[in-house]
Every structure is written in structure tokens, then in C-alpha cells.
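These notes concern the structure reproduced below.
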Amino acid sequence: MLIFSFQETVIRKALPILEHIIKGISNHDLFLGQCFKIADLGCSSSKNTLLVVSNIMDIVIEVCKENRYKPPQFEVCLNDLFGNDFNTLFKLLPDFYAKLKKDKGKQFSPCFVSAVPGSFYCRLFPDQSLHLVHSSYSVHWLSQVPDGLESNALNIYMAKTSPPNVFEAYGEQFKTDFTKFLQIRAEEIVCGGRMVLTFVGRSVVDPSSDESCRLWELLAQSLLDMVKEV
Ligand SMILES: C[S@@+](CC[C@H](N)C(=O)[O-])C[C@H]1O[C@@H](n2cnc3c(N)ncnc32)[C@H](O)[C@@H]1O
């Protein structure tokens with residue numbers, strides 16, 4: 001619960017950026033089309049997922065109102081890994097649809113939610129089919145544990161005691177993954193579409209700073225203590 005509320009804070013803090021990006025779309029054909037297609041990548045299965053969807057819909061509807069356009073219909077594709085609990089999400093949908101209808105009144109636009117299971121490091125959508133890609137607190141997850149971490153034996157991530165090749169391996173894996181992520185999305189997003197990604201970064205250059213690694217060092221230490229007790 002605590003974790004979900006932290007992620008909710010991240011979503012709320014990023015809201016002005018989302019607003020700025022959607023309001024900055026100068027090609028209004030995107031709003032005038034039959035259907036505004038949104039993908040939320042790494043959506044998980046909490047209330048946060050639908051909070052993001054309703055934030056995006058609110059902003060698009062506001063832009064349409066300001067420009068006296070009829071709001072489009074919305075197609076919302078929720079993506080996460082194959083093992084994600086999509087059933088929990090689906091069970092939230094009846095209340096979500098009912099609330100939309102009640103809150104929007106005359107401004108109501110139909111919204112069609114579906115699930116797209118799979119890794120966002122692979123193709124998920126047809127060519128040039130998405131108007132807006134959103135992802136909150138997910139893209140920092142790598143596609144795999146980097147190769148060559150044998151020398152990092154007592155750690156579970158980068159740590160102050162990790163040898164230099166471990167930092168390089170994580171850096172390279174991120175570079176490979178993120179490049180692939182961007183290349184794939186470039187194929188899936190329509191010309192003039194937008195993408196809003198929120199993910200973990202750090203404010204200092206040193207990748208072994210407490211800000212980046214302390215949490216994982218403590219977790220590794222706890223695991224080692226547990227192993228000693230066996
Ligand atoms: C911390 S949760 C964030 C969930 C939600 N976006 C939020 O803000 O509450 C990260 C999510 O990313 C998903 N994820 C991690 N790697 C992924 C990948 N390669 N493809 C799709 N989803 C992924 C995880 O399964 C998890 O549900």
C-alpha cells in the first residue's frame with residue numbers, strides 16, 4: 001500500500017509535465033480523429049493505472065473544450081509483463097467506466113480499455129498506431145540481469161564495494177535496453193504523437209552514491225544475514 005502511494009505521488013508530481021506535453025500537441029488532427037489511442041507501459045495492477053488514464057482523458061477533453069472540438073473516443077492499452085495481474089485491473093473497470101459517465105456528463109467520450117501483455121522491450125503495437133505513450137516508474141527496470149556480474153558476488157546491484165566492470169555492465173545494459181525501447185516506440189507512435197516517461201534517475205554522477213545504491217546495499221546485507229542463520 002505504501003509503495004502504491006509513493007508511485008501515486010510520482011504520478012501526481014508528473015501531472016504538470018503530462019499537461020504541458022498534451023497541450024503542446026500542435027497537430028490537432030490527433031484530437032479530431034475518431035479515436036485517441038493511448039498506451040501505458042508497465043501499468044501494474046493498482047488504482048494508479050486508472051488514475052493515469054483519467055488524468056490523460058481529462059487533459060485531452062480540456063484541450064478539445066478550449067478549441068471547441070468534440071472530444072475523441074479513447075482507446076487505452078494497458079501493458080505489463082505476461083505475469084501481471086490483469087484480472088485485478090479488469091475488476092476495477094466497471095466502477096471506472098461508471099464514474100467516467102457520471103463525472104463527464106455531456107462531455108462523456110467512450111473509453112475502451114484493453115490489456116497488451118508483453119515486454120516493452122519488444123514490439124507491442126502495430127506501426128504508427130499510438131498517439132500517446134505513457135510510462136510511470138517502470139522504464140528503469142532492465143530487460144535482463146547484465147552479463148559478467150560474477151565478481152559482484154555479495155551484492156544484488158551496484159554497491160560501493162562492486163568492482164568497476166559491474167558499473168560498466170549495468171550502464172551498458174541500460175544503454176542497450178533504452179535504445180531498443182526508443183527505436184521500437186518510434187515505429188509504433190504516429191507522426192506528431194508524444195511520449196511521457198517518468199523513471200528513476202540520480203542527481204549525482206557517482207553511480208555508487210547512497211542515493212542510488214543504499215537501499216539495495218541494505219537489502220543485500222539483510223539477505224546475507226538471513227543466509228548466515230540457515
Ligand atoms: C513499480 S511498477 C509501476 C506501476 C505503475 N506504472 C505505477 O506507477 O504505479 C513497475 C511495473 O513495470 C513492469 N515492468 C517491468 N519491466 C517491464 C517490461 N520489460 N515490460 C513491461 N512491463 C514491465 C513491472 O511488472 C511493474 O508492474
Side-chain angles (χ1 to χ4, degrees), residues 1-19 21-22 37-59 74-93 95-96 111 113-126 129-130 132-147 149 156-158 169-189 194-202 211-216 219:
M1 205 56 190
L2 186 69
I3 292 177
F4 287 148
S5 60
F6 174 68
Q7 284 154 13
E8 186 182 334
T9 306
V10 172
I11 290 167
R12 291 197 189 281
K13 280 201 165 177
L15 189 56
I17 293 167
L18 187 63
E19 219 163 325
I21 296 296
I22 296 177
K37 187 163 169 180
I38 302 158
D40 186 42
L41 306 182
C43 64
S44 191
S45 53
S46 75
K47 291 188 289 122
N48 289 348
T49 311
L50 297 176
L51 171 67
V52 164
V53 176
S54 70
N55 285 346
I56 293 172
M57 289 180 71
D58 284 348
I59 302 167
F74 293 88
E75 183 177 354
V76 179
C77 304
L78 302 178
N79 155 261
D80 207 293
L81 294 170
F82 289 104
N84 187 52
D85 183 4
F86 287 104
N87 280 338
T88 293
L89 265 185
F90 294 156
K91 284 178 197 151
L92 298 173
L93 286 177
D95 285 348
F96 174 73
C111 166
V113 176
S114 58
V116 179
S119 169
F120 49 54
Y121 293 118
C122 299
R123 275 298 292 266
L124 295 166
F125 303 98
S129 60
L130 300 172
L132 179 73
V133 169
H134 177 272
S135 180
S136 187
Y137 222 73
S138 301
V139 179
H140 48 269
W141 293 101
L142 300 175
S143 67
Q144 59 169 66
V145 177
D147 293 327
L149 296 190
I156 55 172
Y157 184 52
M158 295 183 284
Y170 274 102
E172 279 307 311
Q173 187 66 50
F174 177 74
K175 223 184 283 174
T176 306
D177 284 345
F178 196 52
T179 304
K180 191 163 183 202
F181 179 94
L182 294 177
Q183 284 168 342
I184 291 170
R185 299 293 89 77
E187 291 169 19
E188 296 173 340
I189 299 176
R194 294 289 191 274
M195 182 156 72
V196 178
L197 309 176
T198 312
F199 53 101
V200 174
R202 61 173 186 268
E211 180 189 325
S212 308
C213 301
R214 188 69 188 134
L215 185 69
W216 304 107
L219 186 57

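Order of listing sets the numbers, starting from 1, for every ligand and every atom in it. The shown structure was predicted, so the numbers you read here are calculated from the model rather than taken from an experiment.
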Legend entry - N48 and ligand 1 - part of the residue with a heavy-atom distance under 4.0 Å: side chain
Inset, instruction - Measure the distances from the heavy atoms of S135 to every atom of ligand 1 and state whether one is below 4.0 angstrom. - result: no
Inset, instruction - Please say whether N84 places an N or O atom under 3.5 Å from an N or O atom belonging to ligand 1. - result: no
Inset, instruction - Using a strict cut-off of 4.0 Å, indicate which atoms of ligand 1 neighbour a heavy atom of G118. - result: 20 (N), 21 (C)
Inset, instruction - Output the distance between atom CD1 (I21) and atom CG (L18), rounded to the nearest 0.5 Å. - result: 8.0 Å
Legend entry - Point-to-point distance, once rounded to the nearest 0.5 Å, from CG of L197 to NE2 of H140: 12.0 Å
Inset, instruction - Sequence neighbours left out, what passes salt bridge (charged side-chain N to carboxylate O under 4.0 Å, His left out) with R185? Give chain and number order. - result: E188
Legend entry - Residue portion contacting ligand 1 (non-hydrogen atoms closer than 4.0 Å) for C43: backbone
Legend entry - Option nearest atom 21 (C) of ligand 1 (shortest heavy-atom distance, choices Y121, F120, F181, W141): F120
Inset, instruction - Compute the shortest N/O to N/O distance between S119 and ligand 1 and return yes if it is under 3.5 Å, no if not. - result: yes
Inset, instruction - Anything under 30° is parallel, anything over 60° is perpendicular, the rest tilted; go ahead and classify F181 against F120. - result: perpendicular
Inset, instruction - Determine whether the side chain, the backbone, both or neither of I11 has a heavy atom under 4.0 Å from any heavy atom of ligand 1. - result: side chain
Inset, instruction - With heavy atoms only and a cut-off of under 4.0 Å, state how N79 meets ligand 1: side chain, backbone, both or neither. - result: side chain
Inset, instruction - List every atom of ligand 1 that sits less than 4.0 Å from any heavy atom of Y137, numbering the atoms from 1 in the order shown and giving each element. - result: 1 (C), 2 (S), 3 (C), 10 (C)
Inset, instruction - List for me each residue that meets side-chain hydrogen bond (donor to acceptor under 3.5 Å, both in side chains) alongside K13, sequence neighbours excluded, and say none if there are none. - result: none
Inset, instruction - Would you please indicate yes or no on a ring centroid separation below 6.0 angstrom for F178 and F199? - result: yes
Legend entry - Backbone N/O of S44 and side chain of D80: donor-acceptor pair under 3.5 Å: yes
Inset, instruction - Would you check whether S138 has a nitrogen or oxygen atom less than 3.5 angstrom from a nitrogen or oxygen atom of ligand 1? - result: yes
Inset, instruction - To the nearest 0.5 Å, tell me how far L130 CG sits from I189 CD1. - result: 6.5 Å
